[in-house]
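Notes to accompany the following structure.
Side chains are part of it too, since the values below use all heavy atoms of this structure and drop only hydrogens, waters and symmetry mates. Each chain gets a letter, A, B and so on, in the order its sequence line appears, and its residues count up from 1.
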Amino acid sequence: MDKTKQYSLFDEAPESRTCQEPEVKGPQPLKQIRYSQPLTELSFDIEATGRDPLSDTIVGIALCREKGMAYYVPIRHSPESNVPNVPDAIEVLKETLEDESIPKIGHNLKYDMLILKQEGINVKGALYDTMVASYLLNPNKPNHSLEEVGLEYLSHKKVPFTEVLGKRHSFSEVAVDEAVTYAAEDAELAMELKCILFEKLKDEGLEKLYLDIEMPLIYVLADMEQAGVKINNARLEELSGELGIELGTIESRIYAIAGETFNINSPKQLGNILFKTLGLQPGKKTKTGYSTGMNVLEELAKDHELPGEILNYRTLYKLKTTYLDALPKLINRKTNRIHTSFNQTVTATGRLSSSEPNLQNIPIRGEWGTKIREAFTAETGHCLISSDYSQIELRVLAHISNDEGLTDAFIKDIDVHSRTAAELFGISLESVTQEMRRIAKTVNFGVVYGISPYGLSEALDISPKEAGQYIDQYFEKHKGVRAYMERTIAEAKQAGYVITLLGRKRPVPEINSTNSNIRQQAERLAINSPIQGTAADLIKIAMINIHNRLKREKLKTRMVLQIHDELLCEAPENEAGIIKDMIRHEMENAISLSVPLKVDIGVGKNWSEAH
DNA sequence: GCCGTCACG
DNA sequence: ACGTACGTGACGGCA
């Protein structure tokens, strides 16, 4: 930034603005810094080396306390870089960063906080994260990197990191002049963005959501990531071996049936075998060729033995590669645990996402699902506590639609799918069969997704006409839900966005599209987003409250995973009793709806037992 | 890098 | 005639 003056702490700073005692002598100038005025807010950015926050080390810290005044403190540059390091700076900065009265500004603060934790610094005080601010302002934006956000709101083009790095391997090898220019720019950019984005958040009515939920949540997520979850590595390897053998057997069988060998994992080659060699009837097509997806293969399995074998192979192959083989590689050497990243700025609806590894899609169905979850364990002397909201999205729908029947069902604590079945088939609750309940359950899901006859017909494998009859029957009994859908679509058309109960916005730009497919898709997500998003708001509030109570009451229990409607905690055995009660209370009372919230809790030595 | 596929809520 | 259920992330194949 050319309009910005940047100083390292080794430069002489303007006396009037920075130091009461400008004399900088000796190798530890930081200790000389005394602010003439109280520090009202501070933006900072960590330069770190490595990529895993649990092993990363700080190379330097950039600070900015007002526009045009950014610093870079080199801490651990390599000797060849000719940077005078200031190892003691950590001690001095600790005081400021842990000062609760000083608000902290930054872009992706969770990352910097995790790095700082490795140095024994526990950031405290109010947070203003510009990445999260950008996300709330437009959750449809695919990338909220500082580069992108700076470009959008300040038309500022950042120097690409790779350019600063040049041929060097690590930021620790970058010379001080360049390090200052790059790092200080980040800190100042965040400071400038904060002013702009926070004003916009206020204008958009997002201030409360930002300050009361998303910012406090950063502390929760940082603690969860740092805690990680324990994995039984030996067991995963054992299971992988077993699956490898079974896959080999299935593979041979597949080749025997096909009459030749081929790459089963190649949809293209598989398509050729199925539809050319064997002459089976191709179903749907994809952009690139014949579909060999699950629906198609299940249909084909009725006529030939190969598709069934392929499905079985695919299932087991997926479990082996994605979980059994991938998870052990991500066990942290220091902690012996797996530390996922919880991403706060990814989904369009307000949910979290989890990556590297994704711990929100660990298998649960089937015998192998059970086996894999058994490998997620509690530390010795501890137990896992799984707490999940029962029917959270339908309860949210009952509240926001104010539908009489749906509300009534939850107040009376009636099995909602059975009740829907009774309505759809015009019979009493007692006469509902398993098959009727299954259909009703699918209809209820469909309602939440923004139901369509085609979607429901696919899910139930019935004709669209029949599906349409179920839908008509459903809306006949749930006029409130129908009104909610019509109202939501109308609002989306008018305002251009939909909102959750807590005011989280999702723009729906395609809602007025002249292409009916595009428009209908927009209508479905307009219906679904407030429901999914409100459920996301809710569990975030519960997480913050639970986190605060764990700290305040000095409990040793740690929250380790969030899976959209479930919280997984690891508790010392002697805390389990009180923790169960506490979590239930906080989850069920996160916010008050017109229907009760219900939480199911299980305890066990591993995730399978606890769930 | 994109596509198809499939694991989860 | 058309044709997707909503929201994610990771894997292998293939250009």
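Taking only side-chain nitrogens and oxygens, K320(A) never comes nearer than 4.0 Å to OP1 or OP2 of dC11(C). Note on S266(A): a side-chain N or O is less than 4.0 Å away from OP1 or OP2 of dC14(C). OP1 or OP2 of dG4(B) has at least one side-chain nitrogen or oxygen of T286(A) nearer than 4.0 Å. An OP1 or OP2 oxygen of dC14(C) is reached within less than 4.0 angstrom by a side-chain nitrogen or oxygen of Q269(A). Contact annotation: R519(A) side-chain N/O to dC2(C) OP1/OP2 distance is not under 4.0 Å. Checking the phosphate oxygens (OP1, OP2) of dA5(C), no side-chain nitrogen or oxygen of R524(A) falls inside 4.0 Å. T292(A) has a side-chain polar atom (N or O) that falls below the 4.0 Å cut-off from OP1 or OP2 of dT5(B). One finds a side-chain N or O of S353(A) lying less than 4.0 angstrom from the OP1 or OP2 phosphate oxygen of dG9(C). Within the 4.0 Å cut-off from OP1 or OP2 of dA15(C), not a single side-chain nitrogen or oxygen of T288(A) is found.
For K268(A), counting side-chain heavy atoms from C-beta on, the closest listed nucleotide (dA15(C), dC6(B), dC8(B)) is dA15(C). Here the side chain of N361(A) is nearest to one of dG4(B), dA7(B), dC2(C), namely dA7(B). With dG7(C), dC3(B), dA7(B) as the choices, the nucleotide that has an atom nearest any side-chain atom of R506(A) turns out to be dG7(C). Listed nucleotides dG12(C), dA10(C), dA7(B) differ in distance to Y317(A); the shortest reach to its side chain belongs to dG12(C). Side-chain proximity of T347(A) to the nucleotides dG12(C), dC8(B), dG7(C) is greatest for dG7(C). Of the candidate nucleotides dA5(C), dC11(C), dG3(C), dG3(C) has the atom nearest to the side chain of Q520(A). Among dT5(B), dC8(B), dA7(B), the nucleotide with an atom closest to any side-chain atom of L319(A) is dA7(B).
Of the charged side-chain nitrogens involved, none lies within less than 4.0 Å of a carboxylate oxygen, so that D129(A) and K110(A) do not count as a salt-bridged pair. The pair K284(A)-E458(A) meets the salt-bridge criterion, since a charged nitrogen lies less than 4.0 angstrom from a carboxylate oxygen. Using a 4.0 Å cut-off between charged nitrogen and carboxylate oxygen, K493(A) and E486(A) do not count as a salt-bridge pair. Electrostatic pairing of E214(A) and K540(A) counts as a salt bridge here, judged by a charged N lying under 4.0 Å from a carboxylate O.
Among the protein residues, D388(A) comes within range of no part of the nucleic acid, since none of its heavy atoms lies under 4.0 Å from any strand. Nucleic acid contact class of Q532(A) (heavy atoms, under 4.0 Å, all strands): base. Note on S355(A): only backbone sugar-phosphate atoms sit closer than 4.0 angstrom, heavy atoms only; bases stay farther off. Across all strands shown, N517(A) has heavy atoms under 4.0 Å from base atoms, whether or not it also approaches the sugar-phosphate. As judged by a 4.0 angstrom heavy-atom cut-off over every strand, S529(A) is placed among residues making no nucleic acid contact. Looking at heavy-atom distances under 4.0 Å, S516(A) makes no contact with the nucleic acid at all. Among the heavy atoms of the strands lying under 4.0 Å from N528(A) are primed sugar atoms or P, OP1, OP2 only; no base atom is included. Counting non-hydrogen atoms under 4.0 angstrom, A348(A) reaches the backbone sugars and phosphates but no base. Among the heavy atoms of the strands lying under 4.0 Å from I362(A) are primed sugar atoms or P, OP1, OP2 only; no base atom is included.
Looking at D52(A) and S55(A), their side chains do bring a donor and an acceptor atom within 3.5 Å of each other.
Distance noted for atom P between dT5(B) and dT4(C): 13 Å (whole Å). With both ends at atom P, the span from dA5(C) to dG4(B) equals 13 Å, rounded to whole Å.
Along DNA chain C, the nucleotide nearest to Y323(A) and the one nearest to K284(A) differ in position, and the one closer to the 5' end is contacted by K284(A).
In this entry dA7(B) has dT8(C) as its Watson-Crick or G-U wobble partner, both defining distances falling under 3.5 Å.
Results of the side chain to side chain contact (heavy atoms under 4.5 Å, CB included) test with L359(A) over L327(A), L568(A), V560(A) single out L327(A) as the only residue that passes.
The base of dC11(C) does not come close enough to the side chain of K318(A) for any donor and acceptor atom to sit less than 3.5 Å apart.
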Evaluate T345(A) against S134(A) for side-chain contact (heavy atoms from CB on, under 4.5 Å), listing each step before the verdict.
CA-CA 8 Å; T345(A) 61; S134(A) 165; over 6 Å; no

